[in-house]
Amino acid sequence: MLNDPRSHGLWQATAPQPPATASLDGEVFADVVVVGGGYTGMSCALHLAEAGRRVVLLESREIGFGGAGRNVGLINAGLWLMPDDMIATLGPVHGERLLRLLGDGPALVMDIIDRHRIDCELERNGTLHCAVGPAGLKEIKEREAQWQRRGAPVRVLDAEQTKARLGTPAYSGALLDERAGTLQPLAYARGLALACLRAGVTIHTSSPVVAADRKADGWTVRTAGGAVDAEWVVVATDAYGTGPWRSTRAEQVHLPYFNLATQPLGADLLRTILPGHEGAWDTRTVLSSFRLDRSGRLVFGSVGALRNTGTAIHKAWARRALARLYPRLRDIAFDHEWYGQIGMTTDALPRFHKFGRNVVGFCGYNGRGISPGTVFGRELALLILGEQSEAQLPLPSSDLVEIPFIRAREAWYEIGAQIAHLSLARL
Ligand SMILES: Cc1cc2nc3c(=O)[nH]c(=O)nc-3n(C[C@H](O)[C@H](O)[C@H](O)COP(=O)(O)OP(=O)(O)OC[C@H]3O[C@@H](n4cnc5c(N)ncnc54)[C@H](O)[C@@H]3O)c2cc1C
């Protein structure tokens, strides 16, 4: 994308072409202007257009340019936080509501994919949160207990069952979440864009919003080439945000995360390595994730940026780690590599913001944005449609609080990941 092979890697190479869109030129009118062409913005735009609203969506670069086109493609149910910790932080009303909505999030994603026939390599076989040693096993058992108390279809697999699913004996167990799955993230984003267009949304790409002016009956949102007059503005720019609401970027520390994709594995290997096509990641702090794509490539990732000294360090680590997980992949070639920035908030919870009268947005998904972005987009649409009040949203409105010394923290994450991956003992 945009001639950078390390920005969207495999997903750019294998996603269906994006629908044709042009930049904004001149002044147009809408009921709602949505800023940002990722999952949050497009889910919101789609739900609004399906309810008959005139929607213009402005994307600064291309559809899926942000996290939506760079991620691992794990359609998770819930957040990194343990369910009980969400309740402790948010209180029972918002906490339980958020858990319920995000627990049902993968079902919403899969329903949209089915309804709009989005070709995005959807796999509905769940995810495996893999336990490293006794501490990892304790953690996933606690997660299992907390979700099972809420009736969720999750269960811990023992070491033998885990080995049969993964094709490696490296883990002491795994939490199987049957609500979850995997997809091709950029293909999902482009499919959402096509669904939006068919529902009547006007999409302008290469149209960064640079200013927003309040007027008597709404807002004028401006790009270099034009303006949109609308009653409502949805800010869906998240960790890649620029322009008038770039403070959402400043409340999220960028945590870099990279992926390497092998060449397609042969039929023999695919009989033992993730034969059920679950998405997997482990309980380490500097975690590893792995999943297959439709062609049988293993997508293997961890924390780190593929730039400067990081490129060689992380790729060397990935080769060692993959060989330890799957000795038969010791010499396999990596065909694609890419990385992106995950936006991390201070308490690992997303945020709902009111930036002004009728200017609203969600952001801060801490590496869990496929389901949450899709869910929060729909929730914003319901708010704008008057079908729910602000008090019924899954999160209370919060103030924007910029994280101090954010660049220093980001530099530490980037260097810390290199130090972690330089250690030969670490997987
Ligand atoms: C490497 C990586 C791995 C991840 N893995 C997973 C995973 O496996 N599962 C999961 O659920 N989540 C994962 N995530 C997180 C997930 O990708 C994000 O949470 C999700 O993309 C957020 O969706 P969004 O629509 O809110 O924002 P984005 O997808 O980032 O979209 C925001 C869009 O806004 C546009 N924009 C910004 N400023 C402006 C402006 N001024 N005017 C117009 N447009 C603007 C950007 O160009 C961008 O396209 C991962 C993220 C990364 C980076």
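Order of appearance sets the numbers: ligands from 1, and atoms from 1 within every ligand.
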Of all the atoms in ligand 1, which lie at a distance below 4.0 Å from a heavy atom belonging to [X]?
X	result
Y365	19 (O), 22 (C), 26 (O)
P208	42 (N)
Y257	1 (C)
I342	2 (C), 51 (C), 52 (C), 53 (C)
G241	37 (C), 38 (N)
G367	6 (C), 7 (C), 9 (N), 10 (C), 12 (N), 13 (C), 14 (N), 15 (C)
V209	40 (C), 41 (N), 42 (N), 43 (C)
Q341	53 (C)

Heavy-atom proximity to [atom], best of [options]:
atom	options	value
atom 8 (O) of ligand 1	L74, L58, T127	L74
atom 46 (C) of ligand 1	R61, R70, E59, R249	E59
atom 24 (P) of ligand 1	V299, V109, T40, V303	T40

Is the shortest N/O to N/O distance between [X] and ligand 1 below 3.5 Å?
X	answer
G67	yes
S207	no
N259	no
V35	no
Y339	no
G340	no
V72	yes

In the protein, what heavy atom is nearest to [atom], and what distance, to one decimal place, separates them?
atom	value
atom 21 (O) of ligand 1	A68 N, 3.0 Å
atom 10 (C) of ligand 1	G369 N, 3.3 Å
atom 44 (N) of ligand 1	S60 N, 2.9 Å
atom 32 (C) of ligand 1	A236 O, 3.4 Å
atom 31 (O) of ligand 1	G38 CA, 3.5 Å
atom 50 (C) of ligand 1	N71 CB, 3.1 Å
atom 34 (O) of ligand 1	G36 CA, 3.3 Å
atom 37 (C) of ligand 1	Y240 O, 3.3 Å

*Report yes if some heavy atom in the side chain of R165 is under 4.5 Å from a heavy atom in the side chain of L176; otherwise report no.*
yes
*Sub-4.5 Å side-chain heavy-atom contact between L98 and L395*: yes
State whether a side-chain donor-acceptor pair under 3.5 Å links [X] with [Y].
X	Y	value
D282	Y171	yes
T374	Y188	yes
E414	Q418	no
H353	T248	no
T345	N366	yes
Q252	D238	yes
Y39	N71	yes

Pairs of donor and acceptor atoms involving the side chains of residues 223-231, under 3.5 Å and at least two apart or interchain, shall be tabulated with distances.
{"from": "T223", "atom 1": "OG1", "to": "G225", "atom 2": "N", "distance (Å)": "3.3"}
{"from": "T223", "atom 1": "OG1", "to": "G226", "atom 2": "N", "distance (Å)": "3.1"}
{"from": "T223", "atom 1": "OG1", "to": "G226", "atom 2": "O", "distance (Å)": "3.4"}
{"from": "D229", "atom 1": "OD1", "to": "T220", "atom 2": "OG1", "distance (Å)": "2.7"}

*asked:* Using the ring pair (Phe, Tyr, Trp, His ring centres under 6.0 Å) definition, which of the options W281, W317, F334 pairs with F300?
replied: W317
*asked:* Take a 6.0 Å sphere around CZ of R357 and say whether it holds more than 12 heavy atoms from other residues, nucleotides or ligands.
replied: no
*Please check if atom CZ in F352 has more than 12 non-hydrogen atoms from other residues, nucleotides or ligands closer than 6.0 Å.*
yes
_Geometric cation-pi criterion, R70 with F65: 6.0 Å, 45°_ = yes
*asked:* Within the structure, is a non-hydrogen atom of A239 found at a distance of less than 4.0 Å from ligand 1?
replied: no
_G373 to ligand 1, any heavy atom closer than 4.0 Å_ = no
*asked:* Could you measure the distance from the CG atom of L166 to the CG atom of L128? Nearest 0.5 Å is fine.
replied: 5.5 Å
*Go through the structure and list residues passing salt bridge (charged side-chain N to carboxylate O under 4.0 Å, His left out) with D399, not counting sequence neighbours.*
none
